[in-house]
Amino acid sequence: MSAPHTSTLSATPQTPSFRLIAVLGTVAMLSGLLIVLVYQWTLPTITEQKRLALERAVQAVIPGASSIETLVLEGGQLHPDSANVNGLHVYLGYDQAGTLQGIAAEGSGQGYADLVKILYGYDPACQCISGFKVVASRETPGFGDKLDRDPKFLANFQALDVQLDAEQQALANEVVTVKHGTKSKPWQIDAISGATVSSRAVGRAINDSASKLLPVLTPRLSEFAKRSP
Amino acid sequence: MPPSISPVELRTSPHVRTTQSVELIMRNVVYALLPISTWAIWQFGLSALALILTVTATCVATERFFNWMADRPSTLSDWSATITGLLLALTLPPGFPLWMAVVAGFVGIALGKALFGGLGFNVFNPALVGRAFVQAAFPVSITSWTPAFAPGRFTEFIPTTFTAPFTIPPDLGAWVKAAGVDGFTGATPLSLWKFDGVVTSSSDLFTGMSAGSAGETSALLILLCGAYLAVRKMMDWRIPAAVLGGAFATALAFWLWGGEHFPQPLFVLFSGGLMLGAVFMASDMVASPVTPLGIWIYGLFIGFITVIIRYFGGLPEGVMYAILLGNAVSPLIEQVTQPRIYGAKEAKK
Amino acid sequence: MDSKQTPITMDTFLAQVWRDNPVFVMALGMCPVLAVTSSATNGLAMGIASTFVLIGSNLLVSMLRKLIPKQVRIATYIVIIATFVTMVDYILQAMAPAIYAALGAFIQLIVVNCIILGRAEAYASKNGVLASVVNGAGTGAGFTLALLLLGGVREILGAGTLFGIDLFGPHFQPWLVMILPPGGFFALGAWLLLFSWLKQRKTRRAELKGEPLHAG
């Protein structure tokens with residue numbers, strides 16, 4: 001220990017307050033400078049990585065999508081994406097010619113451990129769910145973490161029926177998860193045996209999100225159908 | 001000041017104030033477990049026999065290995081490792097792969113007993129430590145049940161029994177179908193109730209005509225064997241009584257409150273491993289309290305927790321965790337239920 | 001006690017890796033040790049991130065050690081450590097988003113890892129810049145080694161893979177418990193057992209040969 005600081009704290013402090021403040025202030029400023037430098041340096045890469053990750057997830061549920069347009073559902077309205085709107089994110093996937101290939105949307109449902117966040121694809125042509133991908137989950141490894149890898153479970157999402165009812169205000173049939181081996185209707189999801197709770201989370205996520213989104217989206221589908229490539 | 005008693009005979013727990021020795025008691029527990037093991041073999045066939053032999057041999061070998069590691073004389077003659085092995089085997093599904101059973105036996109003795117210093121020092125019931133480990137490690141295998149009284153049970157093994165070490169056991173679905181047992185869904189009475197709302201009749205449960213772990217199916221037989229030990233004063237009858245009483249009272253309360261959502265109290269009493277756990281595991285002499293009031297608190301606590309886990313937990317069966325929790329709190333229970341020493345004055349508040 | 005006289009030897013580095021291993025011998029920083037070691041990759045990434053913070057904070061603390069008044073030293077150390085943690089956080093987000101997602105909040109929690117504050121207080125504030133950097137690197141290497149050993153065992157048993165590479169083929173039965181939280185305790189306990197057993201054996205051998213015991 002260097003000489004001036006060997007005195008214990010209980011003895012009369014020899015360091016005046018302004019020195020303490022000055023040192024702390026200098027160190028904090030130095031720290032701030034370092035952080036800002038690193039932030040500036042990494043920001044473009046981080047943004048790019050996030051965009052890539054989103055693109056990959058959307059492409060996984062809308063096959064053939066090469067460009068994405070983001071919308072936000074808030075208060076029963078679809079808004080163009082901007083920083084000051086918070087709500088359910090909806091992604092329109094277009095192919096190279098600018099034709100709408102499908103729609104991906106966020107959803108979340110309570111799983112065994114925490115919310116299971118998913119991204120699901122909606123195919124307007126068949127009015128059905130065409131696929132889904134888990135974005136974030138803390139489900140038990142070995143049981144609930146195989147949701148988007150279990151081939152039998154994924155088979156549910158090749159054409160999961162989410163038609164709207166006659167008034168176009170709600171789903172004709174609620175999407176429900178049923179016990180393994182008892183699926184009998186196209187709007188039912190056959191749960192993974194041994195991971196019923198996690199399977200239900202996916203069902204609820206899709207049901208909640210689709211019943212909010214589809215009544216708003218369907219009337220406007222024609223304006224989204226094409227866009228200049 | 002505690003009164004001084006001399007001469008004092010120093011023994012490891014289990015402390016039983018009779019002339020019986022640890023060896024004698026343990027040997028009688030083995031005798032009491034034999035009819036239950038025989039019933040398990042009669043019910044589930046060759047696989048149950050192989051399972052019981054393998055687990056017991058593993059436990060005995062592990063015990064000997066740790067004796068050797070610690071440069072201590074063999075403790076096999078106190079029969080406690082044999083009991084752990086038998087009990088552990090009886091809590092596993094009959095078709096449990098033997099290599100996993102070896103893991104269970106080793107972990108039970110090593111983690112549950114040897115690391116604490118052997119018999120008398122174990123905080124938890126070693127058999128349950130082993131079972132809890134394999135429950136967490138191999139959750140699929142430990143819930144793969146096979147039908148009782150399959151026709152070919154004495155001529156062939158359940159296909160999962162001889163799974164090669166470290167590999168996934170084969171799917172039992174096809175075998176169960178081929179075995180020709182009608183209506184078997186691979187579920188125990190408890191999971192039938194929990195996931196399908198089907199209640200198995202109490203008389204079937206009482207006599208053991210249902211699927212389940214090797215030794216948990218016949219409540220009647222377990223009660224008889226427990227009664228033998230209790231009559232010979234080799235087991236404290238108050239522990240099983242308190243566990244079963246606690247479970248019954250909790251189940252009764254729920255049933256009276258909302259009968260349509262909860263099963264009958266008798267179903268709770270006779271299903272799953274509650275009977276085996278109450279009679280042979282909760283009564284583990286080392287890991288349970290010794291104070292008179294403490295014994296009742298301990299037992300009622302286990303019964304209560306069992307029912308709560310069964311009704312509201314993610315798993316259909318909760319006896320194992322309830323007993324382990326009971327073991328964990330038993331030092332605390334003993335501390336708060338210390339009886340007043342004869343002649344001593346009430347402590348000043 | 002001036003630092004300039006302390007010679008920097010291999011031991012400045014190696015003691016931290018083996019004899020005073022922060023995890024297996026000193027049992028420090030248990031929170032990340034148990035939480036992120038469900039795979040070898042996560043363990044390695046956490047180890048490297050912590051090593052970076054250790055070297056950076058040791059460097060800065062040692063450079064400023066004569067300027068920092070005793071009364072505010074802990075606050076200053078924490079500011080310095082937090083700076084490097086934030087840097088690691090951004091760099092990982094940019095370079096390895098998958099690992100960043102897997103490690104989650106534990107990257108930010110490096111701030112409160114007692115190994116790092118411990119090195120700043122016990123070593124960097126009393127020793128020269130170069131020695132502090134070497135010591136920090138050694139501690140980081142020891143921490144990384146420990147995380148890697150733990151993560152490796154847990155991943156091999158719990159998933160049958162190492163660094164995501166399948167080791168045993170499709171028939172392997174994973175021991176799920178090992179990648180669940182209890183598995184962290186089991187694996188840590190087993191490693192601690194092994195280390196103390198090795199230490200005991202070494203002591204015994206030294207006694208038999210009549211050699212002086214290794215200090216420490």
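Every chain is numbered from 1, with letters handed out A, B, ... down the list of sequences.
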What is the distance from atom CD1 of Ile129(A) to atom CD1 of Ile103(A), rounded to the nearest 0.5 Å?
10.0 Å
Any chance you could measure Ser31(A), atom OG, to Ile81(C), atom CD1, to the nearest 0.5 Å?
10.5 Å
Please work out whether the ring planes of Tyr91(A) and His89(A) are parallel, tilted or perpendicular, with thresholds of 30° and 60°.
parallel
Suppose the criterion is side chain to side chain donor-acceptor pair (under 3.5 Å): which pairs have a residue in residues 29-46 of chain C, not counting sequence neighbours?
Thr37(C)-Arg154(C)
Option that, when pairs with chain A are counted at under 4.5 Å, heavy atom only, ranks first among Thr76(C), Ile80(C), Asp89(C)
Thr76(C)
Can you tell me how far NZ of Lys117(A) sits from OG of Ser209(A), rounded to the nearest 0.5 angstrom?
13.5 Å
Gap separating the CG atom of Leu160(A) from the CZ atom of Phe132(A), nearest 0.5 angstrom
10.5 Å
Kindly compute the distance separating CD (Gln59(A)) from CG (Leu52(A)), expressed to the nearest 0.5 Å.
9.5 Å
Under 4.5 Å to a heavy atom of chain C? For Leu20(A) that would be both
Residues of residues 36-48 of chain A within contact distance of chain C, non-hydrogen under 4.5 Å
Val38(A), Tyr39(A), Trp41(A), Thr42(A), Thr45(A), Ile46(A)
Residue among Leu64(C), Leu60(C), Ile91(C) with most heavy-atom pairs under 4.5 Å to chain A:
Ile91(C)
